[in-house]
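I have placed the structure first, in the form of C-alpha cells, so that the comments after it can refer back to it.
Throughout, a chain's letter reflects where its sequence line sits, starting with A, and its residues are numbered from 1. Predicted model, so just to flag it, every value in this text is computed and none were measured.
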Protein chains: 2
Amino acid sequence: MKQKDNTTEELILQEARKAFIQKGLAGARMQDIADKAGINKALVHYYFKSKENMFTIIFEQEFEKFFSHLATVLSADIPLFEKIEQVVSLDIERLSQFPDIPLFVINELSQNPGRMTKRFKQMRTENVLDIFQRQINNEVKKRMIKKITAQQLLINIQSLSVFPIMAKPMIKKVMQLTEKQYQQMIQLRKKEVAAFIINAIKN
Amino acid sequence: MKQKDNTTEELILQEARKAFIQKGLAGARMQDIADKAGINKALVHYYFKSKENMFTIIFEQEFEKFFSHLATVLSADIPLFEKIEQVVSLDIERLSQFPDIPLFVINELSQNPGRMTKRFKQMRTENVLDIFQRQINNEVKKRMIKKITAQQLLINIQSLSVFPIMAKPMIKKVMQLTEKQYQQMIQLRKKEVAAFIINAIKN
DNA sequence: TCTAAATTTAACCAGTTGGTTAAATTTAGG
DNA sequence: CCTAAATTTAACCAACTGGTTAAATTTAGA
C-alpha cells in the first residue's frame with residue numbers, strides 16, 4: 001500500500017489556505033482550490049471530508065499561529081517598557097509576514113463566533129493577563145507609570161499594531177496614499193508605536 | 001400612474017443593507033433579501049438592476065456615513081487636545097450605533113480595492129490633513145507636544161477607537177470575556193482613550 | 001371610468017455550488 | 001508478480017445562484 005504521500009495533501013491545504021484567507025469561507029471555491037492544486041475536485045473531498053472541515057483546520061492553524069507567541073512574551077520576566085517594545089516588534093514582524101490573517105480571523109469569527117471553542121481552551125489567557133497585571137501594578141506602586149488595566153494596555157498595543165495593517169485598503173483610500181507611501185508609514189510605525197505607548201503610560 | 005412608492009424600495013434597501021453588512025457581498029443572498037423584505041425576488045431586480053449595483057449603492061452610503069463627519073471635526077478651529085477628545089468621542093459614538101461598518105468597509109475594500117473611486121474624490125482629505133498638520137506643528141513649536149505627523153496621529157486615534165470594536169469577537173475569545181465584561185471594557189475606553197493619546201504626545 | 005404607466009408576481013433559466021459514486025490507476029509489501 | 005490498500009479520476013447530482021420574462025395587478029390622472 002502506498003504510504004500517505006503528504007505532498008498532495010499539503011499542497012491542497014496550502015492552496016486552500018490561500019483561497020480561504022483571500023476570499024473567506026463563503027467566497028472560496030472548492031473547484032478553484034482543486035484547480036490551483038492541479039488535481040481533481042473529488043480528491044479534495046477525499047482528503048478533507050468537506051469545505052467546512054477543511055476551513056476549520058485552516059482557521060485553527062492560523063488562529064494559533066497568531067496568538068501562540070504572544071502569551072510567552074507577555075509572561076516573560078523582563079522590564080515593562082522592554083516588554084512593550086518586544087510585543088510591538090513581535091506583532092509587527094508577524095504582521096509583515098502575514099498581513100491578511102487578522103482580517104481573516106476577525107471576519108470568520110464574526111460570522112461564526114462559536115467556531116473553535118475546543119482547541120483554544122488550553123491556552124489560558126487569564127493567567128497571562130494576571131501576570132501582566134501584577135507587573136503593571138508594581139510599576140504603578142513605584143510611581144513609574146499611570147494606573148491602567150492589563151486588559152486596556154494590551155488592547156491598546158494590539159490596536160496600534162494590528163489596525164493600520166488590516167485597514168490597509170481603507171487607509172490608502174481615505175488618505176490617498178500610494179503603495180510606497182503606505183509602506184513608508186508602516187516603517188515609521190515600527191519605530192514610533194512602542195514609544196507612543198510608553199509615553200502614554202509613563203509618569 | 002402610481003407615484004414612486006418609496007416604502008417598498010427603501011424596505012428592500014434596508015434589508016439588503018443588513019444582509020450585506022452581516023454576510024458581505026459574496027455571502028448575502030438576493031432571495032434572502034427579498035424574503036426578509038416580504039416581496040418577490042424579481043422585484044429586487046426591478047428596483048436595483050443587479051446585486052453588484054445594489055451593493056455599490058449601499059457600500060458608498062456606508063462609507064460616506066463613516067467618514068463625512070471626521071473631516072469637519074479635524075479641520076475645526078479648536079485647541080488640539082480638545083479636538084482629539086472630540087474625534088475620539090465622535091468615533092465611539094458612531095461605532096456604538098454602527099459597530100459592524102468598519103469591518104464591512106475594510107473587508108469589501110480589501111476584496112475589491114477599485115470599488116468606489118468616483119464619489120470619494122470630492123472629499124479631499126489631503127487638505128484636511130494639511131490643516132491638522134499645521135495645528136500640530138504649532139503645538140510642537142510651542143513645546144506643548146512631541147513631534148508627530150498628522151497621518152500617524154490620526155491613524156493612532158482611529159486604531160484605538162475602531163479596532164477594539166471591530167475585533168470584538170476575537171477580543172472576547174482571546175480574553176475570554178462575557179458580553180457584559182466586553183461592554184464594560186468599551187465603556188471604560190470612552191473615558192480613557194483620549195487621555196491615553198494626549199499623554200502619549202504631551203511634553 | 002378608461003388607460004397607460006408603475007408595480008408585483010409566478011415560472012423559468014442557465015451556470016455554479018458543494019458533494020457523491022463507482023470505476024480506474026498507482027503503490028508498497030509479501 | 002500479486003494483491004489489497006491508497007490514490008486519483010470522470011461523470012454525475014440535487015440544490016442553489018443571480019437574473020430574466022411575460023403576464024397580472026394596482027395606481028394615478030384625464
Side-chain angles (χ1 to χ4, degrees), chain A residues 1-62 104 107-108 111-112 114-116, chain B residues 1-62 104 107-108 111-112 114-116:
Chain A
M1 41 200 132
K2 195 198 281 178
Q3 69 196 18
K4 208 164 202 179
D5 183 3
N6 277 349
T7 321
T8 302
E9 189 171 350
E10 275 173 17
L11 183 64
I12 296 172
L13 209 61
Q14 195 177 311
E15 293 301 331
R17 192 187 319 278
K18 284 186 211 164
F20 282 136
I21 289 174
Q22 249 185 54
K23 319 212 170 183
L25 172 57
R29 299 287 165 238
M30 296 300 269
Q31 186 62 59
D32 179 61
I33 292 167
D35 290 350
K36 294 218 167 103
I39 46 107
N40 193 285
K41 189 180 56 158
L43 192 52
V44 180
H45 283 90
Y46 170 76
Y47 284 115
F48 310 90
K49 193 173 163 67
S50 71
K51 190 188 189 185
E52 261 287 329
N53 185 52
M54 185 161 57
F55 180 84
T56 301
I57 291 169
I58 290 168
F59 181 84
E60 295 190 355
Q61 281 178 1
E62 297 304 313
F104 169 71
N107 232 341
E108 304 298 337
Q111 212 76 196
N112 180 356
R115 198 181 287 288
M116 187 219 52
Chain B
M1 44 201 127
K2 195 197 281 177
Q3 67 196 21
K4 208 164 203 179
D5 181 5
N6 278 349
T7 322
T8 303
E9 189 171 352
E10 276 173 17
L11 183 63
I12 296 173
L13 210 60
Q14 195 177 311
E15 294 300 332
R17 191 185 319 276
K18 283 186 210 163
F20 282 136
I21 289 175
Q22 248 184 55
K23 318 212 171 181
L25 171 57
R29 300 285 165 241
M30 296 299 270
Q31 187 61 61
D32 178 60
I33 292 167
D35 290 350
K36 292 218 167 105
I39 46 108
N40 193 286
K41 187 179 55 154
L43 191 53
V44 181
H45 284 91
Y46 169 77
Y47 284 114
F48 310 90
K49 191 174 165 68
S50 69
K51 190 188 188 185
E52 261 286 328
N53 185 53
M54 185 162 55
F55 181 82
T56 300
I57 292 170
I58 289 168
F59 182 84
E60 294 191 354
Q61 281 179 359
E62 297 304 312
F104 170 70
N107 233 340
E108 304 298 337
Q111 212 77 194
N112 181 356
R115 197 181 288 287
M116 189 218 51

Nucleotide nearest A:Tyr47 when distance is taken to its side chain, options C:dT9, C:dT8, D:dT7 | D:dT7
Which nucleotides of nucleotides 16-21 of chain D have their base under 4.0 Å from a protein heavy atom (B), which only their sugar-phosphate (S), and which neither (-), written as one string 5' to 3'?
-> -SBBBB
Please assess B:Glu108 against B:Asn112 for the test side chain to side chain donor-acceptor pair (under 3.5 Å), listing each intermediate value before the final yes or no.
-> CA-CA 6 Å; B:Glu108 304 298 337; B:Asn112 181 356; over 6 Å; no
Looking at [X] and [Y], what are the two nearest heavy atoms and their distance?
X       : Y       : answer
A:Ala19 : A:Asp32 : CB-OD2, 4.5 Å
B:Leu25 : B:Lys51 : O-NZ, 2.8 Å
A:Ala26 : B:Gly27 : CB-CA, 4.2 Å

Residue list, side chain to side chain contact (heavy atoms under 4.5 Å, CB included) with A:Gln61, at least two apart or on another chain = A:Leu13, A:Arg17, A:Ile57
Interatomic distance, B:Ile58 atom CD1 to B:Phe104 atom CZ [nearest 0.5 angstrom] = 7.0 Å
Could you tell me the separation between the NZ atom of B:Lys23 and the CD1 atom of B:Ile33, rounded to the nearest 0.5 Å?
-> 10.0 Å
Taking [atom1] from [X] and [atom2] from [N], how many angstroms apart are they, rounded to a whole number?
X       : N      : atom1 : atom2 : result
A:Glu9  : D:dA6  : CD    : P     : 13 Å
A:Asp32 : C:dG15 : CG    : P     : 20 Å
A:Asp35 : C:dT17 : CG    : P     : 10 Å
B:Tyr46 : D:dA23 : OH    : P     : 17 Å
A:Met54 : C:dG18 : CE    : P     : 9 Å
B:Phe48 : C:dT7  : CZ    : P     : 12 Å

Pairing pattern in dot-bracket form [Watson-Crick, G-U; both distances under 3.5 Å; | = partner strand] for DNA chain D | ||||||||||||||||||||||||||||||
What do the steps show when you test A:Asp35 against A:Gln31 for side chain to side chain donor-acceptor pair (under 3.5 Å), and what is the final call?
-> CA-CA 6 Å; A:Asp35 290 350; A:Gln31 186 62 59; 3.0 Å; yes
